[in-house]
> 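Here you go, one structure.
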Protein chains: 2
Amino acid sequence: MSSQTGTRGPRSDAAKNRAALLDAARTELNQDPDASLEAIAAAAGLTRRSVYGHFPSREALIGELAAIGAARVAAAVDAIHDTDPVLDLALVGRLVWDDVADVRAMTRTVVRGPLHEQVLSSELGPLHARIVADVELAAATGAGRTDLHAETVARLIEGAAFTVLDESLRRPMSRHEGRRLVVLAGLGALGLSWRDANAVLVANADRLTPEDDR
Amino acid sequence: MSSQTGTRGPRSDAAKNRAALLDAARTELNQDPDASLEAIAAAAGLTRRSVYGHFPSREALIGELAAIGAARVAAAVDAIHDTDPVLDLALVGRLVWDDVADVRAMTRTVVRGPLHEQVLSSELGPLHARIVADVELAAATGAGRTDLHAETVARLIEGAAFTVLDESLRRPMSRHEGRRLVVLAGLGALGLSWRDANAVLVANADRLTPEDDR
DNA sequence: CCTAAGTTGCACACACATGTGCAACTTGAA
DNA sequence: TTCAAGTTGCACATGTGTGTGCAACTTAGG
């Protein structure tokens, strides 16, 4: 009542800087998981102090970054489906890899860290559910293993993907090879023999390991 | 020349305390990977200050702990062999699991951390080499996959083992189930179908998944 | 019993990063 | 041009853990 609400829209460069911060954080954290706010702010052309004008805390920044990434992955994966559970799993692997390839290091540290239980399990929950469903369907079809709980198999598959991610951080690996490895490792965890896994791979080369190595 | 070397053997309880420190570190770090020297010393019945009478730094303590553990694993694995590469891999998996089962959390953090490249790769180098050799032999025999470099397959197998370790930290898992999972996941990475992997498991149940769940 | 080995407690320096308060400044939008 | 949104620089508090120096103490071994 006393004072008019200072009506004045937010400045446009504010949003720009916010985006720059998220972008810089993505890049910096991908190089050094423990990059300081100082470094991130500098990379965004700002000061550490002003970071707090956009995010209440370091954790909030990283949290939002993770949420965005997770949402991207979820969207990409949601966009495609296949009735064959084995092929569906392979496709999911390929898509996730494509989305994560540029932020592998960052992905690893986020997934290993405390964020795992927070943002990721809520944002990526559907993805996990889909994998479980595929595993169950594959088991019912006779294509996948039935000797373990579907939930466990799903974890093995996800773990295999992370193993490939680790490997890709240990030595240079082209996007193409990454795709191939993720699919092969995943199908192996599903219970396919390596010959069967490769058969799936070549029969669907156009969708699993296309040459358009963008 | 000037002063007689104060000849007096080291006190016996010194070695005892040193061992107690290593033991406490093992236990504490297994519960909290970031346990402070304060906590470790207390668990050993000592003070943080006196830790520095035995180890020059925190890193040295953990380093020695890791070296001891790695040596234990290496020794256990060295003690057994099999000419069949597939079975040999399964045996290695079982033995490693047995040795690591009590220190899973600590193992994870050590292997994920900076020690990985130091102590572990030197101490566990032979183990890795053996896995690679088994993979190559299995490929030559026709039992294992030939679609990937042996080195890569070895990493996939090791990664599968770590995935099982992670899973065992997420939910309760008996030693018996752990053994079974490690072997199945490992053979899957090697390229066996889930049926073949299970066949190996049951055909060698006495050596792979004995009931003596000590 | 003597004495050196080992322990203790305390203080301190150091490093490092986060989060805040505040005054002065720059910039964008109306 | 004006003025609030946004940025900057600096200081400061806070927290947390490591590594050291030192005097006083306790204990094991000869």
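Each chain gets a letter, A, B and so on, in the order its sequence line appears, and its residues count up from 1.
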> Categorize A:R49 for me: base, sugar-phosphate, or nothing, with a 4.0 angstrom heavy-atom threshold over every strand shown.
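Base: the residue A:R49, judged by heavy atoms under 4.0 Å, touches a nucleobase.
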> Does a side-chain heavy-atom distance below 4.5 Å link B:L89 with B:V183?
no
> Does the side chain of B:H54 get closer than 4.0 angstrom to OP1 or OP2 of C:dT7 through an N or O atom?
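Answer is yes, contact under 4.0 Å.
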> Is the closest side-chain donor-acceptor distance between A:R145 and A:T152 under 3.5 Å?
no
> Considering heavy-atom distances to DNA chain C, does A:S57 or A:D13 have its closest nucleotide positioned more toward the 5' end?
A:S57
> Between the main-chain N or O of A:D98 and the side-chain N or O of A:R175, is there a donor-acceptor pair closer than 3.5 Å?
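The answer is yes, because a donor-acceptor pair under 3.5 Å joins these two groups.
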> At less than 4.0 Å, is any side-chain N or O atom of B:S50 found next to OP1 or OP2 of C:dT7? Yes or no.
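Checking C:dT7 against B:S50, no side-chain N or O comes under 4.0 Å of OP1 or OP2.
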> What is the distance, to the nearest angstrom, from the CG atom on A:L46 to the P atom on D:dG9?
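For the pair A:L46 CG and D:dG9 P, the rounded distance is 11 Å.
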> OP1 or OP2 of C:dG9 sitting under 4.0 Å from any side-chain N/O of B:T47?
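Yes.
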> Would you classify B:N17 as touching base, sugar-phosphate or nothing, given that sugar-phosphate means primed atoms plus P, OP1 and OP2, and contacts are heavy atoms under 4.0 Å?
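The residue B:N17 makes sugar-phosphate contact but no base contact.
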> Given B:R108 and A:R112, is the side-chain contact (heavy atoms from CB on, under 4.5 Å) satisfied, shown in steps?
CA-CA 11 Å; B:R108 174 170 62 175; A:R112 301 269 195 236; over 6 Å; no
> Nearest-nucleotide wise, let me know which of B:A15 and A:L37 is further upstream toward the 5' end of DNA chain C.
B:A15
> So does A:R48 reach the base of D:dG9 with its side chain, donor to acceptor, closer than 3.5 Å?
no
> To the nearest Å, how far apart are B:R11 CZ and D:dG30 C1'?
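In whole Å, D:dG30 C1' and B:R11 CZ are 14 Å from each other.
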> Once you round it to whole Å, what is the distance between P of C:dT18 and CD1 of A:I62?
9 Å
